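Not measured: the values here are computed from a predicted model. Residues: numbered from 1 along the sequence shown.
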Amino acid sequence: VRFVHERSRTKIGIQLAHAGRKASCTLPWEGDRPLTKAEGAWEPIGPSALPFDVGSPTPREMTRADMDRVVAAFALATKRSLRAGFDLVELHMAHGYLLSSFLSPLANKRTDAYGGSLENRARFPLEVLDAVRAEWPEDRPISVRISASDWVGDRERGITVDDSVVLARMLNAHGCDVVDVSSAGNSPESHVVYGRMYQVPFAEQIRYEANVPTMAVGAIEGADHANTVIAAGRADLCALARPHLVDPYLTLHAAIRYEHD
């Protein structure tokens with residue numbers, strides 16, 4: 001963080017997450033498979049005792065005490081992020097990790113105040129957001145990444161973009177400054193239709209229907225794509241990951257092409 005701030009005007013953020021029922025696995029580049037006991041496997045936690053996939057570890061259904069510990073951990077991580085000098089915190093509520101799994105009826109089968117309706121399923125993730133917001137200065141932004149759709153084609157079973165419009169309003173009311181709109185990750189049953197800028201329509205719908213700033217992400221393949229999305233008013237920001245892995249100088253090359261100092 002110090003290196004970035006001392007050498008550029010660039011802002012730098014940190015993403016805070018909890019793996020939830022996707023924990024106790026090897027590193028992605030080592031196969032992303034469940035750990036064995038000999039390798040140090042542990043019992044993950046989640047909203048319900050449902051494994052992510054066949055062969056995945058079965059999580060323990062979280063108690064209120066578990067929730068309190070996780071909320072406190074997120075608050076502590078936020079304090080550390082502030083001390084480190086980050087300019088933005090992003091809270092990860094997407095891709096089937098802990099907070100995302102609370103939001104999705106594919107993973108959350110609770111019958112208490114934290115399951116059932118979208119309002120109930122959002123209760124614990126919003127508690128975490130409240131704790132993060134309380135530790136983060138008002139003049140520094142918080143983004144929240146969500147899975148706008150579970151891609152299962154059945155509203156009774158998975159999150160839809162219409163649900164995510166409602167969720168985005170909730171997040172905004174609890175201090176989220178921008179909603180980072182991704183999708184899927186809660187179930188291997190998801191049938192994602194991939195393609196160029198395939199998640200931008202989700203960001204666009206949430207931006208206009210929820211009236212909140214959004215960040216588009218997903219197969220946005222370069223500066224031209226990003227500029228088109230922004231110029232068309234489909235999102236307020238664009239996030240690019242793989243294009244920067246392909247070309248670490250992507251932003252510099254775009255600045256030269258657009259004659260931008």
### Task
Identify the heavy atoms of Ala148 and Val181 that sit nearest to each other, and give their distance.
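The pair with the smallest heavy-atom distance is CB-CG1, 3.7 Å.
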#### Entry: Ser100 to Met93 - nearest heavy-atom pair and separation
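Closest approach of Ser100 to Met93, heavy atoms only: CB-O, 3.3 Å.
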Would you say the side chain of [Y] lies within less than 4.5 Å of the side chain of [X], judging by non-hydrogen atoms?
{"X": "Val179", "Y": "Ile146", "answer": "yes"}
{"X": "Cys238", "Y": "Ile230", "answer": "yes"}
{"X": "Asp112", "Y": "Asn120", "answer": "no"}
{"X": "Val165", "Y": "Gln205", "answer": "yes"}
{"X": "Thr78", "Y": "Leu16", "answer": "yes"}

#### Entry: Among Ser101, Ser149, Pro105, the one residue meeting side chain to side chain contact (heavy atoms under 4.5 Å, CB included) with Asn186
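Output: one option passes, namely Ser101.
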### Message
Less than 4.0 angstrom from a charged side-chain N to a carboxylate O is my criterion; do Arg140 and Asp87 meet it?
### Response
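No.
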### Query
Taking NZ, NE, NH1 and NH2 as the nitrogens, is one of them in Asp163 or Arg121 under 4.0 Å from a carboxylate oxygen of the other?
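No, no charged N to carboxylate O under 4.0 Å.
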### Message
Whether the Asp150 and Ser104 side chains hold a donor-acceptor pair (N or O, under 3.5 Å, no angle test) is what I'd like checked.
### Response
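Indeed, the side chains of Asp150 and Ser104 share at least one donor-acceptor pair under 3.5 Å.
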### Task
Assess the side chains of Arg169 and Asn172: does a donor N or O sit below 3.5 Å from an acceptor N or O?
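Asn172 and Arg169 do not have a side-chain donor-acceptor pair below 3.5 Å.
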### Query
Should the pair Tyr97 and His92 be assigned to parallel (<30°), tilted (30 to 60°) or perpendicular (>60°) ring geometry?
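Tyr97 vs His92 ring planes: perpendicular.
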### Query
Which of parallel (below 30°), tilted (30 to 60°) and perpendicular (above 60°) describes Tyr114 and Phe102?
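Perpendicular.
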### Query
Got a sec: does the CZ of Arg7 have more than 12 other heavy atoms crowding it under 6.0 Å?
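More than 12 heavy atoms, drawn from other residues, nucleotides or ligands, come within 6.0 Å of this atom.
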